[in-house]
Protein chains: 2
Amino acid sequence: MINKKLPDKTVERLSMYRRALLNYVAAGNHHIFSHELASLLHITPVQVRRDIMLIGYTGTLRQGYDAKELIDIIGKIIDTREGQKVAVVGIGNLGRSIMGYISGKRTKMSIVAAFDNNSDKVDRVYAGIPCYHVDRMVEIIKQEGISIAVISVPGEEAVKVAETLVMAGIKGIFNFSPRPLNVPSHVYLQEYDIITMLEKIAYFVKKI
Amino acid sequence: MINKKLPDKTVERLSMYRRALLNYVAAGNHHIFSHELASLLHITPVQVRRDIMLIGYTGTLRQGYDAKELIDIIGKIIDTREGQKVAVVGIGNLGRSIMGYISGKRTKMSIVAAFDNNSDKVDRVYAGIPCYHVDRMVEIIKQEGISIAVISVPGEEAVKVAETLVMAGIKGIFNFSPRPLNVPSHVYLQEYDIITMLEKIAYFVKKI
DNA sequence: ATAACATTGTTAATGAAATAACATTATCTT
DNA sequence: AAGATAATGTTATTTCATTAACAATGTTAT
Ligand SMILES: NC(=O)c1ccc[n+]([C@@H]2O[C@H](COP(=O)([O-])OP(=O)(O)OC[C@H]3O[C@@H](n4cnc5c(N)ncnc54)[C@H](O)[C@@H]3O)[C@@H](O)[C@H]2O)c1
Ligand SMILES: NC(=O)c1ccc[n+]([C@@H]2O[C@H](COP(=O)([O-])OP(=O)(O)OC[C@H]3O[C@@H](n4cnc5c(N)ncnc54)[C@H](O)[C@@H]3O)[C@@H](O)[C@H]2O)c1
């Protein structure tokens, strides 16, 4: 099952399945049917079964899926052995809120470094994470083996920051700045802009 | 051109085109070719032309598109006459960072109210926006004619908040909590979870 | 004037994602 | 033991999004 790449959207849902399942077992449950898992996410049971088929796990006819097993399989797919390390670049409002959000969560990933160019912010600790000057970024990313970076600097700075990250050998970039980035094909890029999404909502609200 | 619904992804790109074009004209330019606009977003020229075809605008063969006209057309599609009004529910780290981000921006939407249930936060002003107690939400949403809401409360509270928003007549919801929501079909729902997206990045980074 | 060119606008083809259809099977009921 | 039932797993179809192909056209060069 493992070496073929899964569809983008399936991977997103796997992450959501896992979270829902963690709550589900924490509440003392053991087995779950596709239609139950589906209703936790407000999607269809077929979608659930298809995703689970794609990862090669199979449930049983009378009990459905073993929640713990499913959690483990998803972990094998998404996580790496030691948990991938993440850096946040730009410790403004957004960067800090993301750091606070992720630090508390039970996910194998961990934010291990933050970077900023404002000297008031460097050499301090935010949500338990040390903030370094951005000049040390390449050095620390290599030293710590950081593979993923979140960009939350102002748009004007984002291109330069991304170039540095690529140079440092980063493999995945999550860009929150409104500036579209261009990275080599061996770097996975995810962009997200809140205003774009709000404007999309605005459009569809008009149409409703 | 106008009454048919545009594809989801096209609407997202229109928002990005507009932003890029605003910078472009601010820099003193007037006309733009599809390949130029494409390269600002790192997409293909065909994609640009197809989107522009869908909105019924046409450029000229030798000059390409008139940037200002295009900005206006996109405005007609996305914006409403007076600009849709937005509320933010849950003024924690994320809520405040979003409020700060959007307030500064030239978009026709405006955040006109914030809500929280923590008495330390209500009756104060954040980024120029008044924060009310969540008990007054229905009242104020109706009174102000707010059509879109951002949910940034903890997961446990999100379902309840969403129900109240629907009751208040909200038309579009942007949910940042990790709890999947269920809303009637006349409400447009957009969900986004940063951890899910980070885990997706983690997966594809492993595959690269 | 005509050919070459660069660009748009549109239709056609491909690819990705979601949904539907259905075959299979373990369990329960009678 | 046979049939009904309620699930799963898989293949087929449909829908949505992107990419490719190409015809149309105004501009420039010869
Ligand atoms: N706040 C939001 O909710 C939000 C949402 C979506 C997108 N964004 C975007 O994310 C970015 C950050 O938003 P914010 O609200 O946190 O802004 P902010 O101004 O509060 O923070 C930006 C931070 O980046 C640092 N910085 C600037 N240049 C840098 C560089 N070259 N290297 C390292 N650090 C640098 C600044 O010192 C500051 O700490 C902006 O591009 C914004 O457009 C913000
Ligand atoms: N911080 C992030 O970057 C981030 C990213 C993605 C998702 N989220 C999610 O967004 C939500 C908010 O995140 P945060 O970091 O701002 O958390 P936070 O704890 O800082 O803020 C939550 C706010 O909601 C308020 N609140 C609680 N119950 C409420 C209710 N019933 N009505 C109105 N207000 C209420 C609290 O008083 C608090 O001000 C959480 O669900 C979190 O999981 C956060």
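First the proteins, then the strands, lettered A, B, ... as listed; each starts at 1. FYI, side chains are in, hydrogens and waters are out, and symmetry mates aren't considered; it's all heavy atoms of this structure.
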Base, sugar-phosphate, or nothing: which does A:Thr10 touch, judged by heavy atoms less than 4.0 Å apart? nothing
Rounded to the Å, how far apart are B:Leu54 CG and D:dA17 C1'? 11 Å
Can you tell me the distance, in whole Å, between the CD atom of B:Glu36 and the P atom of C:dT8? 9 Å
Under a 3.5 Å cut-off for both distances, is D:dT30 Watson-Crick or wobble paired, and to whom? C:dA1
Quick one: which of B:Val89, B:Val187, B:Asn175 gives a side chain to side chain contact (heavy atoms under 4.5 Å, CB included) with B:Leu165? B:Val89
Atom CD of A:Gln63 and atom P of D:dG9: how far apart are they, to the nearest Å? 13 Å
Starting at atom CZ of B:Arg13, determine the distance to atom C1' of D:dT18, rounded to an integer number of angstrom. 8 Å
From CD1 of A:Ile55 over to C1' of D:dT8, roughly how many Å is that when rounded to an integer? 14 Å
Between atom CG in B:Asp8 and atom C1' in D:dT15, what is the gap in whole Å? 13 Å
Output for pair (A:His42 NE2, B:Asn182 CG), nearest 0.5 Å, gives 4.0 Å
N/O (side chain, B:Ser34) to phosphate O (OP1/OP2, C:dT8) under 4.0 Å: yes
Around atom CD of B:Gln143, are there more than 12 heavy atoms from other residues, nucleotides or ligands closer than 6.0 Å? yes
Can you tell me the distance, in whole Å, between the NZ atom of B:Lys5 and the P atom of D:dA17? 12 Å
I'd like to know if the side chain of B:Tyr65 reaches the main chain of B:Leu37, judged simply by a donor and an acceptor atom lying under 3.5 Å from each other, with no hydrogens or angles considered. no
Summary of protein contacts for nucleotides 19-30 of chain C, nucleotide by nucleotide, where a base hit scores B, a sugar-phosphate-only hit scores S (4.0 Å, heavy atoms): BBB---BSS---
Length of the line joining B:Glu12:CD and D:dA17:P, which is rounded to integer Å: 9 Å
Basic-acidic side-chain contact under 4.0 Å: A:Lys160, A:Glu157: yes
